[in-house]
Amino acid sequence: MRKSLVMKVRESLTRHAQMKIEQTFVDFRNAVNDWINISINNGWITTRKLQKYGYKQLREKYPKLYSAVLLEAMDVAIGILKSSKSQKTIPKFDSDIICFKNQTYKLHNSGIIVPLCGERTYIPLYIPKKFRKYLLNYKLGRLTIFKKNNWYYVSISVNIEPPQRNPTNVIGVDLGVHNLVVVADAKGRELLRILGDEIIEYKELLEEKYARKQKYFNKILKKDCYCGNGYKNYSKYINHCIAKKVVEIAKKYNAIIVLENLKKIKGKSKNMRKLFRKWCYYDLIQKIEYKAKENGIPILKINPRNTSKTCSRCEYVNKKLKNERIFMCPNCGLEIDRDLNAAINIAKKGLMKLSSPTSPISLLRKECNEI
Ligand SMILES: [Zn+2]
């Protein structure tokens, strides 16, 4: 599994080094565009064969670019050509980016040494503590230097191997508005509850503030103007924290995470669409999936049908359930918090899917044959 470590370049970067980076940005950008043109002139080549057609010529044109960097520019050009859908317009590369293969750079005293225009240059980095173990223990991949809001950043991709696990449990995750998240196991234990009302209220407040600010800007500048949207960062941050907690619980109970397959309900009812506007659940699910993968925890998606209307004790389906917070079972008399009930049902459905012989997820079953 690939992970990108993005690190900010320290302010102690020398002027000379900064100049070198800027020069290389220009050369690299031009080289990518030249590769694109060479490919197109020779019949839209999108393989490494392209090297044959232009290497010599570009080597002369950019004598200061290291040959490995020039070839990396070719790979970027190939990537762009492959992803450009129509062959009618010539794609253009105009980013401030330089890429390096793993053999061309090396780590040095909390920084890196990279071959920039004509010389190897030291770039000091802010390396967060949690990145050090990746940098020291894993195989390092491609390195990218890029510029954003006048800051330089370095991104290094590493190949990490998630730990092997043998899950012996399942946990169900229910997502909602009143409770953003409720996590429970199939035995009915509540493991986590995150109240959503206040979080969503605050998000809406930020949204409103943003809209007002935007309106004001548009008025005085008489055009569309971007003024930053704090609420998106806020939602992402909250989602990050929730995902971290959910994965921690899965680790603690050695469990598989069971989620509702939201694709099956998307757009079906007005209420659902309303719900999806309230909070970015897709982002939350993506974050849970990513962090689970990183930790070697399998994820299982189940059909969300009736998860909140079914009694988690006797499986009676209460079709009359509206918006009550408490689920009352007319069959067995169970009274239980609505979202907890749903989370238990999700966990149970996951368990059932795992143990059914026709299950398409035999791979998962192999991983957790104890269930
Ligand atoms: Zn019941």
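Each ligand, and each atom within it, is numbered from 1 in the order the structure gives. By convention here, the first residue in the shown sequence is residue 1.
The pair D27-K64 does not meet the salt-bridge criterion, since no charged nitrogen lies less than 4.0 angstrom from a carboxylate oxygen.
Among protein atoms, those of element N, O or S found less than 2.8 Å away from the Zn ion (ligand 1) are C311 SG, C314 SG, C329 SG, C332 SG.
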For residues 238-253, which side-chain N or O atoms pair as donor and acceptor with protein atoms under 3.5 Å away, sequence neighbours left out?
| unit_1 | atom_1 | unit_2 | atom_2 | d |
| --- | --- | --- | --- | --- |
| N239 | OD1 | W279 | NE1 | 2.9 |
| N239 | ND2 | C280 | O | 3.3 |
| N239 | ND2 | D283 | OD2 | 2.8 |
| H240 | ND1 | K291 | NZ | 3.0 |
| K251 | NZ | N295 | OD1 | 3.4 |

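Without hydrogens or angle criteria, N318 side chain to M328 main chain gives a donor-acceptor distance under 3.5 Å. When atom types are taken as modelled, the side chain of S39 and the backbone of W35 share no donor-acceptor pair closer than 3.5 angstrom.
Taking 4.5 Å as the limit, some side-chain heavy atom of I98 sits within range of a side-chain heavy atom of F25.
Note: Y153 and F146 have parallel aromatic rings, judged against thresholds of 30 and 60 degrees for the angle between ring planes.
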